[in-house]
J.: 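Okay, handing you the structure first.
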Amino acid sequence: MSVYILITSLLVFTSNCFTSTQKTGSTNIILNDDFEHGTLYGWLNTDDWSNSAENPINGERSLKHEQGDGISYIIHPLDHENILNDTLSWRFVIKNGNWIPSANNKFWFFLYSDEEDLAGGTANGYAAGVNMTGNDDYLKLWKVTNGVPEKIVLSSDYKWGSGSIAAVEVIRTPEGEWELKYNSGGEFRNFTSAGKAVEAEHTEARWCGLVFVYTPTRAGLLWLDDVYAGPAIPDTIPPFVTGIEALTPHTLKLEFSENVEAGSALNTNNYILNNPVNPSEAAFYNGDNSKVLLHFTEPFDCSVPNPLKIQNISDPAGNVMETETVSFSYE
């Protein structure tokens, strides 16, 4: 079998600034740091950390842990009043080294806290990460009361492993409804949601930051990048085709750049083979909403490339792809 595969460049949200007072609606962008500026400007308690070019997550630099005595944290002030009065989003990417999290090696990002001591004391707030309690390695959101993880607000199905890189987004509404999302490829797109839950007790948001608990062999092996706190960032990027494969003489598998909306993706009129043949069936492949299986009644022509026109496919945010024509061969 020979298959023609189309790959198109991805567009990913990036930033070149580290703090901003730009307003979107009634909410300020509170924090926006990709660390490409080469400093830790705005961050406090930085002795155990560096702005590093060693194995960065994205771009040329990331925040990297360097040293410490078994627990390190770095903080950034949330210097805007009434930030919880509007829907707020936190985004960040975390990478660990060649080690699996455990009860003794774990990390979490405080979305907000009422105190700057994130490693103990009497801080109240909310944190997302791995093994703040327990050791099952799943990405979770916790409510923290008096410095202790009191309650798991949301638990995802993403299990952190050795050398994992994950992009995390947490959204909070003014009513205290939380949503925890992740992308296991470290990209701010095509998120998987862990669901939503209401938890609204702690409402003083003064600090955010990263906490790392570690044994000596894990010191220096944690990275953070692309930290954002501010208005929720809308998805404005439409899907596009990243691959096509003929599985049988009658069946095609299409791969899209992100999850696609079922109503458009499973509409057979949106696929036209060799003009004007439509597939007889369309279904998601193995439950993956970024892959569509197309079945055709007649077998493919093996003697020439077969053009497939794809149109009107949208993502869950309503962004509609540009019409594309991709070709494949089957032998």
Side-chain angles (χ1 to χ4, degrees), residues 1-16 57-59 91 93 158 165-167 169 181-193 226 232-331:
M1 184 197 308
S2 62
V3 181
Y4 171 86
I5 297 179
L6 173 72
I7 302 293
T8 309
S9 297
L10 298 177
L11 295 176
V12 182
F13 171 83
T14 61
S15 169
N16 290 318
I57 298 175
N58 291 318
R91 284 183 167 191
V93 188
Y158 180 67
I165 303 175
E169 180 174 41
K181 301 189 289 183
Y182 70 88
N183 175 292
S184 58
E187 299 174 328
F188 292 122
R189 65 181 188 92
N190 205 22
F191 283 106
T192 298
S193 176
D226 297 331
I233 301 173
D235 177 6
T236 60
I237 301 174
F240 51 84
V241 179
T242 58
I244 183 171
E245 181 181 1
L247 301 181
T248 75
H250 297 266
T251 307
L252 285 179
K253 182 178 73 171
L254 284 177
E255 297 187 17
F256 291 91
S257 58
E258 60 177 315
N259 289 342
V260 287
E261 186 269 328
S264 62
L266 304 185
N267 184 345
T268 56
N269 292 324
N270 290 334
Y271 308 96
I272 304 173
L273 177 65
N274 294 329
N275 198 17
V277 178
N278 301 113
S280 58
E281 298 177 34
F284 287 124
Y285 180 75
N286 289 340
D288 186 338
N289 285 29
S290 68
K291 298 179 177 65
V292 175
L293 203 64
L294 303 177
H295 182 79
F296 294 84
T297 302
E298 298 296 325
F300 306 132
D301 187 343
C302 297
S303 62
V304 296
N306 294 268
L308 178 71
K309 182 179 179 181
I310 306 161
Q311 60 190 10
N312 302 323
I313 308 298
S314 63
D315 63 17
N319 301 301
V320 182
M321 69 175 290
E322 295 183 5
T323 298
E324 296 187 34
T325 299
V326 296
S327 295
F328 67 95
S329 298
Y330 184 82
E331 296 179 3

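For the numbers below, each heavy atom of this structure counts, side chains included, while hydrogens, waters and symmetry mates do not.
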J.: Looking only at non-hydrogen atoms, find the nearest pair between Ile244 and Leu308 and report the distance.
T.: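 Between these two residues, the closest heavy atoms are CD1-CD2, 4.0 Å.
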
J.: Minimum heavy-atom separation for Asn259 to Pro316, with atom names?
T.: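 Asn259 and Pro316 have their closest heavy atoms at O-CD, 3.2 Å.
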
J.: Are Glu331 and Cys302 close enough that some pair of their side-chain heavy atoms sits under 4.5 Å apart?
T.: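 Side chain of Glu331 against side chain of Cys302, heavy atoms only: no contact under 4.5 Å found.
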
J.: Take Ile272 and Val277 through the side chain to side chain contact (heavy atoms under 4.5 Å, CB included) test and state the conclusion after the steps.
T.: CA-CA 5 Å; Ile272 304 173; Val277 178; over 6 Å; no

J.: Check for a donor-acceptor pair, side chain of Ser280 on one end and backbone N or O of His295 on the other, with a separation under 3.5 Å.
T.: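 Judged by distance alone, yes, a pair lies under 3.5 Å.
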
J.: Which pair of non-hydrogen atoms, one from Ser329 and one from Pro305, has the smallest distance, and what is that distance?
T.: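 That would be OG-CA, 3.7 Å.
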
J.: So does Gly263 get a backbone contact from the side chain of Glu261, meaning a donor-acceptor N/O pair under 3.5 Å?
T.: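 Yes: the side chain of Glu261 pairs with the backbone of Gly263.
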
J.: Working note: Glu258 + Phe240, criterion side chain to side chain contact (heavy atoms under 4.5 Å, CB included); need CA distance, chi angles, decisive distance, verdict.
T.: CA-CA 8 Å; Glu258 60 177 315; Phe240 51 84; over 6 Å; no

J.: Given 3.5 Å as the limit, does a donor-acceptor pair link the side chain of Asn306 with the main chain of Asp301, or not?
T.: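 Between the backbone of Asp301 and the side chain of Asn306 there is a qualifying donor-acceptor contact (under 3.5 Å).
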
J.: Over all heavy atoms of both residues, which pair between Phe191 and Ala167 is shortest? Give the atoms and the distance, please.
T.: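 It is CE2-O, 3.9 Å.
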
J.: In sequence, state the C-alpha distance, the side-chain angles, and the governing distance for Thr323 and Lys309, and then conclude on side chain to side chain contact (heavy atoms under 4.5 Å, CB included).
T.: CA-CA 7 Å; Thr323 298; Lys309 182 179 179 181; 3.6 Å; yes

J.: Here's a test for you: under side-chain contact (heavy atoms from CB on, under 4.5 Å), which of Val320, Asn270, Asn269 qualifies with Ser264?
T.: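 Only match with Ser264 under side-chain contact (heavy atoms from CB on, under 4.5 Å): Asn270.
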
J.: I'd like to know if the side chain of Glu324 and the backbone of Val241 have a donor-acceptor N/O pair within less than 3.5 Å.
T.: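 Yes, because the side chain of Glu324 sits within donor-acceptor range (under 3.5 Å) of the backbone of Val241.
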
J.: If only atom types and distance count, is the side chain of Asn286 paired as donor or acceptor with the main-chain N or O of Asp288 below 3.5 Å?
T.: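 Side chain of Asn286 to backbone of Asp288, a donor-acceptor pair under 3.5 Å: no, none is there.
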
J.: Is there a side-chain contact between Tyr330 and Pro249 in this structure, where contact means two heavy atoms from C-beta onward sitting under 4.5 Å apart?
T.: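 Yes, close enough: below the 4.5 Å cut-off.
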
J.: Should Thr268 and Glu281 count as side-chain neighbours, where that means a heavy-atom distance under 4.5 Å?
T.: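 No - every pair of side-chain heavy atoms lies 4.5 Å or more apart.
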
J.: Checking Thr251 side chain against Thr248 main chain: does a donor-acceptor pair fall under 3.5 Å?
T.: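 No; zero donor-acceptor contacts below 3.5 Å.
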
J.: State, to 0.1 Å, how close Val292 and Leu294 come at their nearest heavy-atom pair, and which atoms those are.
T.: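 So the two residues come closest at CG1-CD2, 3.8 Å.
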
J.: Restricting to ring-ring contact (aromatic ring centres under 6.0 Å, His included), what partner residues turn up for Phe296, sequence neighbours left out?
T.: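 Here the qualifying residues are Phe300.
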
J.: Treating Asn58 as the side-chain partner and Asp226 as the backbone partner, does any N or O pair qualify as donor plus acceptor under 3.5 Å?
T.: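 Checked: no pair found.
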
J.: I'd like to know if the side chain of Thr242 reaches the main chain of Glu255, judged simply by a donor and an acceptor atom lying under 3.5 Å from each other, with no hydrogens or angles considered.
T.: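 Present.
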
J.: Of all residues at least two apart in sequence or in a different chain, which pass the side-chain contact (heavy atoms from CB on, under 4.5 Å) check with Ala262?
T.: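 side-chain contact (heavy atoms from CB on, under 4.5 Å) check on Ala262 returns Leu266, Phe284.
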
J.: Rounded to the nearest 0.5 Å, what's the gap from CG on Asn274 to CD on Glu298? Could you check?
T.: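 Output value for this atom pair is 11.5 Å.
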
J.: Does any non-hydrogen side-chain atom of Leu247 lie less than 4.5 Å from one of Leu293?
T.: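 In short, these two side chains touch, coming nearer than 4.5 Å.
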
J.: Partners of Tyr182 by ring-ring contact (aromatic ring centres under 6.0 Å, His included), sequence neighbours excluded?
T.: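 For Tyr182 the ring-ring contact (aromatic ring centres under 6.0 Å, His included) partners, ignoring immediate neighbours, are Tyr158.
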
J.: Taking Tyr271 for its side chain and Ala282 for its backbone only, find out whether a donor-acceptor pair lies under 3.5 Å.
T.: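 Not confirmed, Tyr271 side chain does not pair with Ala282 backbone.
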
J.: Is there a side-chain contact between Asp315 and Pro238 (heavy atoms, below 4.5 Å)?
T.: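 In short, these two side chains do not touch, never coming nearer than 4.5 Å.
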
J.: So, taking the atom named CZ in Arg91 and the one named CG in Asn183, what distance separates them when rounded to the nearest 0.5 Å?
T.: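 Going from the CZ atom of Arg91 to the CG atom of Asn183 covers 10.0 Å.
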
